[in-house]
*Asks:* 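One structure coming up, written as C-alpha cells, with questions to follow.
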Amino acid sequence: MKYEPKSFEKKWQVKWEESNIFKTEEDSLKPKCYILDMFPYPSGAGLHVGHFKGYVATDILSRYRRMQGFNVLHPMGWDAFGLPAENYAIKTGTHPEIVTKQNIENIKKQMKDAGLSYDWSKEIDTTDPNYYKWTQWIFLKMFEKGLAYEANMPINWCPSCKTGLANEEVVAGACERCGTLVKQKKLRQWVLRITKYAERLLNDLDDLDWGAEIKEMQKNWIGKSEGAEISFKIEDEELKVFTTRPDTLFGCTYVVLAPENELVLKLKERIENKKELEDYLEKTKLKTERERIAEVKEKTGVQLLGVMALNPANGKKIPVFVADYVLAHYGTGAVMAVPAHDERDYEFAKGFNLDVLEVVKGGDILKEAYTGEGVLVNSGDFNGMESSLAKEKIVDFLKAKKVVKYKLRDWIFSRQRYWGEPIPLIHCPKCGIVPVSIKELPLKLPKVLNYEPTNTGESPLANIAEWINVKCPICNEDAKRETNTMPQWAGSCFYYLRFIDPKNEKEIVNKKDEKHFMPVDLYVGGAEHAVLHLLYSRFWHKFLYDIGVVSEKEPFKKLRNVGLILAHDGQKMSKSKGNTVSSEEIINEFGVDTLRVYEMFMGPFFDAISWNMQGVKGVSRFLNRFWNFCIECKENKFESSENILREENILIKKVEEDLEEMKFNTAIAFFMEFLNFVEKRKTEVSLKTMETVLKLFYPFAPHMAEELWNILGNETFISLEKWPAYDSKLMIEDVMELIVQVNGKVRDKIEVNANLSKGDLEKIALKSEKVQKWLKEKEVKKIIFVPPKLINIVI
RNA sequence: GCCGAGGUGGUGGAAUUGGCAGACACGUAUGCCUUAGGAGCAUAUGCCUUCGGGUGUGAGGGUUCAAAUCCCUCCCUCGGCACCA
C-alpha cells in the first residue's frame with residue numbers, strides 16, 4: 001500500500017466536518033484554550049503558501065490542545081472592509097459586497113482544502129451589519145464618554161487613496177497601503193482620544209508574554225518622556241517650554257518657537273523684521289513632512305528682532321527664534337535651547353553664531369554637544385551638584401511643574417471613503433452633534449451608484465441625499481448624517497470578543513462566556529501590525545474594560561509573530577513580482593500534510609526563510625518512509641524492546657516540550673531521528689509503539705495520521721485520542737558513552753555501564769590507551785567529572 | 001543617530017542552566033537497482049593535513065579545567081523609529 005495522499009485527504013476533511021469534531025463545546029467542564037490567528041483581509045488574489053505558515057502552526061497547537069483535553073476555541077473570520085474591494089468596485093461597477101463575498105468563499109475553500117481545524121460555526125465578517133452594529137455601538141459609547149471628538153486640523157492625506165490617514169498609517173512619510181507620499185491637509189475629522197490611555201498602554205505591556213520586538217516598538221511609539229514645564233517671560237507674554245533636562249537650564253542661551261506656535265502671531269506685530277518672519281512662515285508651510293525630514297542636517301530659522309526672553313534661572317536676556325526644527329505638535333511647541341548639551345541646539349547655535357555655555361561637566365563642548373549627565377558648572381547655587389539631583393532641585397527652585405509627555409498622538413478615525421462602517425452621528429443645526437439611537441443600530445451602509453472618492457475630502461456617501469437628510473432625533477428638525485466612514489482597523493479592534501458569541505444580538509458578548517474564554521491564550525500573526533491593529537485593539541479593549549463589557553485588562557496574553565516565507569530568490573512573495581508559490585499546486589503534487597510539515601520544518605517559526613522546492617521533496621520523502629514503516633509494522637506484529645520503549649518515551653517528552661515553545665522544526669527533526677533509529681531495528685517495534693508515535697505526529701500531519709490509524713485497525717478518529725504520557729523510568733539508559741577530555745579536548749569516547757561510580761569512571765578514563773598517549777610523562781593536576789558522562793583530565 | 005533582533009559548513013538550520021560544535025534536512029560525491037530517472041536504497045561529506053594531528057561558531061581580547069553560550073572593545077546584516085527637546 002503506497003502513500004497516496006490524494007486518495008484520502010479530502011475524505012478525512014469531510015468526515016471531520018460531518019462529525020463536528022472541531023466545534024468548541026458549550027458549557028464545557030474542560031479547561032479552555034483560545035488559539036487565534038489574525039484574521040485575513042479577503043483579497044482577490046487568494047492565499048499563497050506564505051499565508052498558511054501561521055495558520056498551520058495554530059492548527060497544530062489546536063489539535064494538540066484538544067488531545068490534551070482542552071476545550072479549544074479556534075475560529076476564523078474576515079476583516080473585509082477596506083480599499084481593494086472598493087477600488088475594484090470603482091473599476092468594474094460591481095458592489096464591494098459582492099466581490100467580498102466571492103473572495104471570502106474562495107479563501108474559505110482554500111482553508112478547508114488545507115484541512116485547518118477551525119470551528120466554522122463561529123465565522124464572522126466585519127462587513128456584516130450584524131457585526132458592525134457592534135463596531136458602531138462601541139464608537140457611540142466612546143462618543144458618550146468624550147473619547148471621540150471632532151477636530152478641524154491638518155492631517156496626513158494620501159492623494160492616491162484620497163483619504164486621511166492615522167499617524168500609525170504613515171510609514172517614512174508615505175501611505176502604509178500604497179506608498180504614495182503623504183500631504184498635509186486641513187480637514188474636519190473624527191479623532192479618538194487614545195492618548196488618554198497612553199500610560200496604561202505602556203505599563204500593561206510589562207505583564208504580556210509578547211516578543212521583545214513588538215513590545216519595544218509599542219513602547220517607542222507611545223514614547224513617554226518625563227520632564228518639567230518651565231515658563232519664560234518674553235516681554236509681557238509667557239512662553240512655556242517642555243524639557244527633560246531642567247538641570248541644564250543655566251546653559252539655555254536662546255529659546256525657539258515652532259512656526260505654528262500661537263505666540264508667534266502675538267509677537268509678530270511688535271518685531272523689527274516682520275517681513276522676514278512672514279517669508280519664513282510661508283516657506284515652512286509649503287514644505288512637506290518629507291522635506292522637513294530631509295533637511296535635518298541644515299537647520300533654518302529666524303530671530304525675532306526686538307524681543308528678548310528672560311532665562312528664569314539667572315535672569316539673563318536671551319534671543320528668541322522661530323525655527324521649523326521645533327515640532328508644533330510635541331510638548332508646548334517651543335523649546336529652551338541648550339546648545340552645549342543638545343545636539344540639535346548645538347547645530348543651530350553653530351549656524352547662527354550663538355553662545356554655547358557648558359553647564360554639565362563630562363564632554364568637550366568645543367567639539368560637540370555633551371548629552372550625558374555630570375556635575376554642574378556655571379549654574380550659580382547649583383554648581384557642584386550631580387545633574388540627576390539638580391533636575392529635581394532646579395524644578396523646585398522655579399516652582400515649576402513636573403510633567404509627562406508622550407509621542408503618541410490621538411487616532412485620526414474618519415475616512416473619506418465608501419467601504420467602511422458609517423459613523424453613526426447626526427449633525428443638527430440646533431442641537432449640534434447627536435448620536436444615532438442605539439436602538440437604530442446597525443446604521444447600514446447605503447447603496448451608491450458611484451464609489452469614486454471625491455477630491456473635496458468628503459466620502460461618496462455625501463452624494464446620497466435620501467441617506468444624508470434625516471430628522472434630528474432630539475428636536476425632529478432637518479439634520480444631516482455624518483458622511484465619513486471608519487478606518488479599516490475599526491472592525492478588528494474587538495473581533496476576538498465576537499468569536500466567543502458571534503450570534504448574540506443583545507450584547508457584544510455574553511458575560512459568562514467572555515469570562516470563560518478571555519483572554520486569548522495564543523495570538524499568531526505578522527509583525528506588521530505592531531503599532532496598528534495591536535495598539536488599537538489594546539486601546540479599545542481597555543475602554544471596554546472601563547465600561548464593564550470585558551473582565552480582563554488585556555486581550556492577548558501571549559503573542560507570537562510568524563516569520564515570513566520568502567520566495568526562492570529571497571524576496572517577499574507577491575503577486576506583482578510573480579514569485580508566489582500556490583498552495584493548490586503543492587497540495588496537488590505532494591498533499592496537504594507535506595505542505596504543513598515542510599512549512600513547519602523550514603526553520604524557526606519566528607524567522608523569515610526562503611521557500612525551497614528541494615526541501616518540500618525532502619519532507620515528502622520522509623512522509624513516504626514514515627508511511628511505509630507504519631504499514632510494515634502492522635504486518636510484522638513484533639514486541640517493542642527496551643531500547644525502542646526508551647526512544648518512544650524520549651520522543652513523547654521532546655515533542656511535547658517543543659510544541660509548548662512552538663519549536664516545530666526541531667520537533668519534526670526528532671521524528672526523523674526516531675524513524676532513522678527504528679528503521680535499523682525493525683524487528684523491535686510493536687504496533688502499540690507505532691500507534692503512540694502516530695498520535696504524536698497527528699497534529700503535524702493529521703490526514704496521514706487518520707488514514708494510518710484507520711489502516712492499523714481503529715474505527716475511531718485519531719483526532720479524538722488522548723495525548724500520550726511519557727514514563728521517565730523507561731527513559732533511563734543502562735549503557736552510555738563516556739566522553740574523556742584532556743585539557744578540555746575530547747580524546748576518547750568509551751562505552752560504559754551507566755551505573756558506575758565517579759571513581760570507577762575516572763579509573764576507566766585514565767586507563768584508556770588514547771588518553772594514556774596524552775598523559776605520557778605529564779603530571780595529572782586535577783580530574784573534573786561532569787555528570788553524567790564527561791571527564792576532563794587537567795595536566 | 002537611537003531602539004530591538006541577529007551573525008554557526010556549499011544551503012536552511014541544531015546545540016543558549018558554560019560541558020562531545022555542526023543534530024535533522026537540502027545539496028554534492030561514489031556505489032547499487034533500473035530500459036530510463038528531477039524515482040528508490042547504501043555510504044561519505046566543516047576546513048587544512050606530511051594522516052600523527054591541527055584548526056574551526058563575524059573580528060580581536062578576557063574569565064574558566066572547559067566558551068557558539070559569560071564579560072569587554074569593534075565590525076556587519078535585518079527590522080522599527082527618525083529634529084519627540
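Order of the sequence lines sets the chain letters (A, B, ...), proteins ahead of strands, with each chain counted from 1. When reading the values below, keep in mind they use all heavy atoms of this one structure, side chains included, and skip hydrogens, waters and symmetry mates.
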*Asks:* Of the nucleotides rG27(B), rA85(B), rC81(B), which has the atom closest to the Thr243(A) side chain?
*Replies:*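 That would be rA85(B).
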
*Asks:* Strictly by Watson-Crick or wobble contacts shorter than 3.5 Å, is anything paired with rG79(B), and which nucleotide is it?
*Replies:*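 The answer is rC3(B), by the H-bond criterion.
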
*Asks:* Looking at side-chain heavy atoms only, is the closest gap between Leu535(A) and Tyr197(A) below 4.5 Å?
*Replies:*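 Side-chain contact under 4.5 Å: no.
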
*Asks:* Do the side chain of Lys299(A) and the base of rC83(B) come within less than 3.5 angstrom through a donor-acceptor pair of N or O atoms?
*Replies:*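 Such a pair is found, so the answer is yes.
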
*Asks:* rU16(B) pairs with which nucleotide, Watson-Crick or G-U wobble, both distances below 3.5 Å?
*Replies:*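 Paired with rU16(B), as far as the under-3.5 Å criterion goes, is no nucleotide at all.
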
*Asks:* Return no unless some side-chain N or O of Tyr325(A) is found under 4.0 Å from OP1 or OP2 of rA85(B).
*Replies:*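 For rA85(B), OP1/OP2 do not have a side-chain N/O of Tyr325(A) under 4.0 Å.
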
*Asks:* Would you call Lys391(A) and Glu226(A) a salt bridge, taking side-chain N to carboxylate O under 4.0 Å as the test?
*Replies:*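 A salt bridge is absent here (no side-chain N lies under 4.0 Å from a carboxylate O).
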
*Asks:* Select base, sugar-phosphate, or nothing to describe what Gly618(A) touches, counting heavy atoms under 4.0 Å on all strands.
*Replies:*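 Sugar-phosphate, no base atom in range.
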
*Asks:* Counting distance only, does the side-chain N/O of Tyr346(A) pair as donor-acceptor with the main-chain N or O of Ile365(A) below 3.5 Å?
*Replies:*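 Answer holds: yes.
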
*Asks:* Within this structure, what is the NZ-to-P distance between Lys572(A) and rG79(B), rounded to whole angstrom?
*Replies:*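 So the NZ-P distance, Lys572(A) to rG79(B), works out to 10 Å.
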
*Asks:* Which nucleotide, rC20(B), rG54(B), rC65(B), lies nearest any side-chain atom of Lys749(A)?
*Replies:*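 Nucleotide nearest to Lys749(A)'s side chain: rC20(B).
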
*Asks:* Taking only the side-chain nitrogens and oxygens of Lys745(A), find out if one of them lies under 4.0 Å from OP1 or OP2 of rC20(B).
*Replies:*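 Checking Lys745(A) against rC20(B): no side-chain N or O falls below 4.0 Å of OP1 or OP2.
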
*Asks:* Name the one of His529(A), Glu168(A), Glu169(A), His533(A) that satisfies side chain to side chain donor-acceptor pair (under 3.5 Å) with Trp489(A)?
*Replies:*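 Going through His529(A), Glu168(A), Glu169(A), His533(A) one by one, the side chain to side chain donor-acceptor pair (under 3.5 Å) with Trp489(A) is satisfied by Glu169(A) alone.
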
*Asks:* Choose from rA21(B), rA5(B), rA23(B) the nucleotide whose nearest atom is closest to any side-chain atom of Ala669(A).
*Replies:*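 Out of rA21(B), rA5(B), rA23(B), the nucleotide with an atom closest to Ala669(A)'s side chain is rA23(B).
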
*Asks:* When you check the side-chain N and O atoms of Thr195(A) and Tyr406(A), is any donor under 3.5 Å from an acceptor?
*Replies:*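 Absent: no donor and acceptor within the cut-off.
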
*Asks:* When you get a sec, tell me which of rA23(B), rC20(B), rU55(B) is the closest nucleotide to the side chain of Glu673(A)?
*Replies:*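 Nearest listed nucleotide: rA23(B).
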
*Asks:* Could you list, one pair per line, each protein nitrogen or oxygen that sits under 3.5 Å from a nitrogen or oxygen of nucleotides 6-14 of chain B, together with the distance?
*Replies:*
residue	atom	partner	partner atom	Å
rG12(B)	O2'	Met602(A)	O	2.7
rA14(B)	OP1	Asn665(A)	ND2	3.2

*Asks:* For Phe629(A), is the NZ or CZ atom of Lys682(A) found under 6.0 angstrom from the centre of its six-membered ring and inside 45 degrees of the ring axis?
*Replies:*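 The answer is no, since Lys682(A) fails at least one limit relative to Phe629(A).
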
*Asks:* Base, sugar-phosphate, or nothing: which does Val335(A) touch, judged by heavy atoms less than 4.0 Å apart?
*Replies:*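 Contact class for Val335(A): base.
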
*Asks:* Map Phe242(A) and Asn743(A) onto RNA chain B by nearest heavy atom, then report which one ends up closer to the 5' terminus.
*Replies:*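 Result of the comparison: Asn743(A).
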
*Asks:* Using the C1' atom as the reference point in each nucleotide, state the distance between rG79(B) and rU64(B) in Å, no decimals.
*Replies:*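 Result for the C1' pair: 36 Å, nearest Å.
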
*Asks:* Could you list all N or O pairs between the protein and nucleotides 38-48 of chain B that sit under 3.5 Å apart?
*Replies:*
residue	atom	partner	partner atom	Å
rG38(B)	N2	Lys617(A)	NZ	3.4

*Asks:* Which nucleotide, rA85(B), rG4(B), rC20(B), lies nearest any side-chain atom of Leu790(A)?
*Replies:*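 Closest nucleotide among those given: rC20(B).
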
*Asks:* Identify every side-chain donor-acceptor pair in residues 615-624 of chain A under 3.5 Å, counting partners at least two apart or on other chains, and give the distances.
*Replies:*
residue	atom	partner	partner atom	Å
Asn624(A)	ND2	Ser620(A)	O	3.2

*Asks:* Applying a 4.0 Å non-hydrogen cut-off, can you work out what Asn676(A) is touching in the nucleic acid: base, sugar-phosphate, or nothing?
*Replies:*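 Counting heavy atoms under 4.0 Å across all strands, the contact made by Asn676(A) is with sugar-phosphate only.
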
*Asks:* Just compare rG19(B), rC3(B), rC65(B) and give me whichever is closest to any side-chain atom of Val786(A).
*Replies:*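 Looking only at heavy atoms from C-beta outward on Val786(A), the closest nucleotide is rG19(B).
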
*Asks:* Please work out if Lys781(A) contacts a base, only the sugar-phosphate, or nothing of the nucleic acid, heavy-atom cut-off 4.0 Å.
*Replies:*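 Answer is nothing: Lys781(A) stays at 4.0 Å or more from every strand.
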
*Asks:* Regarding Lys758(A) and the six-membered ring of Phe785(A), is the cationic atom NZ or CZ under 6.0 Å from the ring centre and inside 45° of its axis?
*Replies:*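 Cation-pi check for Lys758(A) and Phe785(A): fails.
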
*Asks:* Between Thr248(A) and Asp345(A), is any pair of side-chain heavy atoms under 4.5 Å apart?
*Replies:*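 No, side chains not in contact.
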
*Asks:* For the side chain of Met672(A), starting at C-beta, report the closest nucleotide among rA82(B), rA25(B), rA5(B).
*Replies:*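 Of the options given, the side chain of Met672(A) lies nearest rA25(B).
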
*Asks:* rG19(B) and rC72(B): how far apart are their C1' atoms, nearest whole angstrom?
*Replies:*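 One C1' to the other, the span is 24 Å.
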
*Asks:* Of the nucleotides rA85(B), rC65(B), rC20(B), which one has an atom closest to the side chain of Gln741(A)?
*Replies:*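 Of the options given, the side chain of Gln741(A) lies nearest rC20(B).
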
*Asks:* Select one nucleotide: of rA85(B), rG19(B), rG4(B), the one nearest the side-chain heavy atoms of Val326(A).
*Replies:*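 The answer is rA85(B).
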
*Asks:* If I pick the C1' atom on rG56(B) and the same atom on rG46(B), what distance separates them, to the nearest angstrom?
*Replies:*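 These two C1' atoms come out 8 Å apart once rounded.
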
*Asks:* What's the closest nucleotide to the Lys782(A) side chain, out of rA85(B), rC65(B), rC20(B)?
*Replies:*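 Within the option list, the nearest is rC65(B).
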
*Asks:* Using a distance-only test with no angle check, is there a side-chain donor-acceptor pair under 3.5 angstrom linking Arg409(A) and His329(A)?
*Replies:*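 There is such a pair (donor and acceptor under 3.5 Å, judged by atom type) between the side chains of Arg409(A) and His329(A).
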
